[in-house]
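To start, the structure itself, in structure tokens.
The figures that follow rest on heavy atoms only: side chains count, while hydrogens, waters and symmetry mates do not. Treat the numbers as computed from the prediction; the structure is a model and nothing was measured.
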Amino acid sequence: MSPDQESAPGSTNPAPAAVRPLRAHARRNREKLIAAARAAFTAADDGVPLEGIAREAGVGIGTLYRHFPTREALVEAVYAAELEAVTADVTALLDELPPERALRAWMERYARFVATKRSMVNTLHSGWASGRITAPATRERITAAIGSLLAAGARTGALRRDVEADDVTAMLLGVFLSTAAEDDPARTGRLLDLVVDALRPPVPSP
């Protein structure tokens, strides 16, 4: 057995009854690794040692390599999990908040996604270019999420009806690109507030 492989001592032919708990345990380990990698990449970049990520997840390095044979595989999994989470958050936010407030809260969530993506950008770009990482339809999914928020706001009259979702995507990307080097959350927040204000229906003249 190679150093990257792990198995329970003496378990050469596990009984069928043991399969389900092992699968559940493996799934939990994978989730812990993705969470630890997300935190590590956001705090630094995707050059952090994999051994440190395994340690933070509470598993051995062999477990990490069994789930993610390469750094690119781990980065791809973190990115996919973040993209899924940021797009899925729309429904929960609309259930909890009025559409205009849900949109503003979602923008904060999207900002965190962009920060995580930025920390992994070198590995992502090289992986996409080489084909070792599948390029996801990120912009399409983000624009669809924004479209859902705009539609909900249009139905209540809180947001304009004449706005293209992709235009809002472009506005948000402009905010994040222009503030990327500053690390000034307060300024980013002010710019996001301006975007939301621009999406409100105009007040009729007296």
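The CZ atom of R38 sits 4.5 Å away from the CD atom of E82 when rounded to the nearest 0.5 Å. Expressed to the nearest 0.5 Å, how far CZ of R28 lies from NE2 of H25 amounts to 6.5 Å. R104 CZ to L93 CG: the interatomic distance, rounded to the nearest 0.5 Å, is 12.0 Å. In this structure, the separation between CG on L172 and CG on L192 is 6.5 Å, given to the nearest 0.5 Å.
When every heavy atom of P201 is checked against every heavy atom of A158, the shortest pair comes out as CD-O, 3.2 Å.
S178 places a side-chain N or O within 3.5 Å of a backbone atom of V175 that can act as its donor or acceptor partner. Here the side chain of T70 pairs a donor or acceptor atom with the backbone of A73 at under 3.5 angstrom. In terms of modelled atom types and a separation under 3.5 Å, the side chain of T143 and the main chain of E140 share no donor-acceptor contact.
The shortest side-chain heavy-atom distance between I142 and R139 does not fall under the 4.5 Å cut-off. Between R160 and V163 the shortest side-chain heavy-atom distance falls below 4.5 Å. Looking at E164 and V168, their side chains never come closer than 4.5 Å, going by heavy atoms from C-beta outward. Using a 4.5 Å heavy-atom threshold, the side chains of L50 and Y65 count as touching. Within the 4.5 Å cutoff, the side chain of R101 has no heavy atoms near those of the E96 side chain.
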* To do: Apply the test salt bridge (charged side-chain N to carboxylate O under 4.0 Å, His left out) to residues D193 and R190: give CA-CA distance (whole Å), side-chain angles for both, the deciding distance (0.1 Å), then the verdict.
  => CA-CA 5 Å; D193 288 340; R190 291 195 302 272; over 6 Å; no
* **M120 and T123: CA distance, side-chain angles, deciding distance, side-chain contact (heavy atoms from CB on, under 4.5 Å) verdict** => CA-CA 6 Å; M120 301 185 294; T123 297; 5.5 Å; no
* Go through T134 and W128 one step at a time and tell me if the side-chain contact (heavy atoms from CB on, under 4.5 Å) criterion holds. => CA-CA 6 Å; T134 303; W128 290 336; over 6 Å; no
* **F41/I53 under side-chain contact (heavy atoms from CB on, under 4.5 Å): CA gap, chis, key distance, verdict** => CA-CA 9 Å; F41 296 159; I53 292 173; 3.8 Å; yes
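Residues passing the ring pair (Phe, Tyr, Trp, His ring centres under 6.0 Å) test with Y110, sequence neighbours excluded: W106, F176. Applying the salt bridge (Lys or Arg N to Asp or Glu O under 4.0 Å) test to R132 and every residue at least two apart in sequence or in another chain returns E72.
A chain of hydrophobic side-chain contacts below 4.5 Å, direct or via other Ile, Leu, Val, Met, Phe, Trp or Tyr residues, connects L194 to M107. One hydrophobic cluster, built from ILVMFWY side chains closer than 4.5 Å, holds both L173 and L149. When hydrophobic clusters are built by joining Ile, Leu, Val, Met, Phe, Trp and Tyr residues whose side-chain heavy atoms come closer than 4.5 Å, directly or via intermediates, L97 is grouped together with L199. Residues M171 and L177 do not share a hydrophobic cluster, defined by chaining ILVMFWY side chains whose heavy atoms lie under 4.5 Å apart.
Donor-acceptor pairing under 3.5 Å is lacking for the side chains of S119 and T42. Inspection of the Y79 and T138 side chains reveals an N or O donor paired with an N or O acceptor under 3.5 Å.
The local environment of CD in E100 is crowded, with over 12 non-hydrogen atoms from other residues, nucleotides or ligands closer than 6.0 Å.
A salt bridge links E84 with R141; the closest basic N to acidic carboxylate O contact falls under 4.0 Å.
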